[in-house]
S.K.: 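After the structure tokens below, expect a handful of questions from me.
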Amino acid sequence: MLVEGAVLDIDGPRAAYVRLREGKVVEVGARGTASRSSHERRVRGIVVPAPVNGHTHLGDAVSVREPPAGPVADLVAPPGGYKFQVLAAATAAAKRSAIRLAVARMAREGVAATLDFREEGVAGVELFRTALRGLSIRGFVFGRPLRRPVEAAELAALLRVADGVGLSSARDEDEGTRRAVARACRRAGKRFGLHASEAVREAPESYLDPTPDLLVHLAKATADDLVAVRDARVAVAVCPRSNALFGRQPDLRTMERLGLRALLGTDNAMFHTPSIWSELQFAYTSSRLVGRPTSAAFLARAALVEPWLWLGEPEAARVAPGSPVRPLVLRLPPDDPAYQVVTRVTEQVIVRAGPA
Ligand SMILES: [Zn+2]
């Protein structure tokens, strides 16, 4: 397949052609200079790295009714929040099939990986792994230990099956827990993630010490807080749709101005679809709704590039021969790639790899 149009990747947007064989990039060059073969399928469009969903709770997909009204803490805070009641009441089989359906849908939308916060301890992580078996999406799983105070044996068992540990927040988890978890993650070479400043502002000292590998939300963070996060070199997963349900929004504009490393995530699957494209559209539109316009380039990067950097796989964020992850071909006008990608993508514009 020959795509004439544009590339948008770690190196930014540029006019280009891309030749793919069985979905893999074999050649990239200046637009209009590709050799022509009459048998080759030709598409006008944009080629991008496959996106990564920077924050999900896919176990929540087992919840199918409108969640009750109320503050976010009543819905998602451990141990008694609504979602934990729903998870406890559901069978393992129901949770597995709900996760599998959600992930299959993400795969159809071209997503290559998801960073999931999985509750329910070791069993929760194992259930998630089983649910993804045979699907084309990679699950990077942050597990969560069940016992408090944390026990070394449970943490060790969790880190054997998970890619890291994801905790609720510094408000919900005491310092001893956070330190024990951060230390165990470091020792195991795994990642430590933490929600922060979601419903109320928390002081950066509370969530930056011990230093996490990933913060989630920062919807209530001030500009000074964001400076502290940037200076600590901690990446942030932002979830604008989830925050909007409770009348909040992360300050994406300031994050962009400060050069924060931002990943885009869809958060709890009980609230809405885990669609990264819906999240991009909402992020772009809502940043204007609140008078804090954010560039399409920054948002596209949060879905297509920053998560790969966070995973330590920059080559996956580059459209080039030898890239370890197959890129996406989008049948969209190539004149302003970031704007198109952020405002226009649905499953229907994704061009599937076919013959030639
Ligand atoms: Zn979350």
Side-chain angles (χ1 to χ4, degrees), residues 52-63 67 70-87 95 98-99 102-103 106 111 113-121 124-125 128 139-145 162-173 177-178 181 185 191-202 206-207 212-221 229 234-250 252 262-276 278-279 282-283 302-303 306-307 310:
V52 175
N53 194 325
H55 184 65
T56 55
H57 296 262
L58 291 175
D60 291 15
V62 77
S63 165
V72 68
D74 292 357
L75 295 178
V76 302
Y82 173 75
K83 70 170 268 173
F84 289 93
Q85 296 170 31
V86 172
L87 286 171
K95 284 182 273 203
I99 292 171
V103 173
M106 293 166 77
V111 171
T114 187
L115 311 188
D116 195 79
F117 275 40
R118 189 68 263 274
E119 300 80 5
E120 307 186 297
V125 175
F128 186 86
F140 187 100
V141 194
F142 292 87
R144 189 176 295 179
D163 300 296
V165 174
L167 293 180
S168 177
S169 70
R171 294 169 72 220
D172 297 328
E173 302 280 13
T177 299
R178 286 181 282 124
V181 164
C185 287
R191 309 287 182 98
F192 166 45
L194 185 69
H195 296 81
S197 287
E198 181 181 5
V200 296
R201 177 184 173 261
E202 294 166 73
S206 68
Y207 54 77
D213 298 295
L214 184 68
L215 286 168
V216 183
H217 292 311
L218 294 186
K220 287 292 194 179
V229 171
V234 178
V236 182
V238 291
C239 310
R241 282 187 304 169
S242 174
N243 294 154
L245 287 172
F246 304 95
R248 295 184 276 275
Q249 180 158 69
L252 300 169
L263 287 61
L264 193 68
T266 58
D267 208 9
N268 305 86
M270 69 176 174
F271 293 146
H272 36 238
T273 67
S275 168
I276 198 73
S278 296
E279 199 72 41
F282 183 81
E306 289 296 338
W310 187 88

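The figures that follow rest on heavy atoms only: side chains count, while hydrogens, waters and symmetry mates do not. Atoms within each ligand, like the ligands themselves, are counted from 1 in listed order.
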S.K.: Quick one: ring pair (Phe, Tyr, Trp, His ring centres under 6.0 Å) partners of Phe271, sequence neighbours excluded?
M.R.: Phe246
S.K.: Restricting to N/O/S atoms, is His217 within less than 2.8 Å of the Zn ion (ligand 1) or not?
M.R.: no
S.K.: Sequence neighbours excluded, which residues qualify as side chain to side chain donor-acceptor pair (under 3.5 Å) partners of Thr56?
M.R.: Thr114, Asp116
S.K.: Checking one value in my table: which N/O/S atom of Asp267 lies closest to the Zn ion (ligand 1)?
M.R.: OD1
S.K.: Checking Gln249 side chain against Asn243 main chain: does a donor-acceptor pair fall under 3.5 Å?
M.R.: no
S.K.: Let me check your reading of the structure: within less than 2.8 Å of the Zn ion (ligand 1), is there an N/O/S atom from Cys239?
M.R.: no
S.K.: Please determine whether a side-chain nitrogen of the Lys or Arg among Glu173 and Arg178 lies less than 4.0 Å from a carboxylate oxygen of the Asp or Glu.
M.R.: no
S.K.: Calculate the angle formed at the Zn ion (ligand 1) by NE2 in His57 and NE2 in His195; 10° precision is enough.
M.R.: 110°
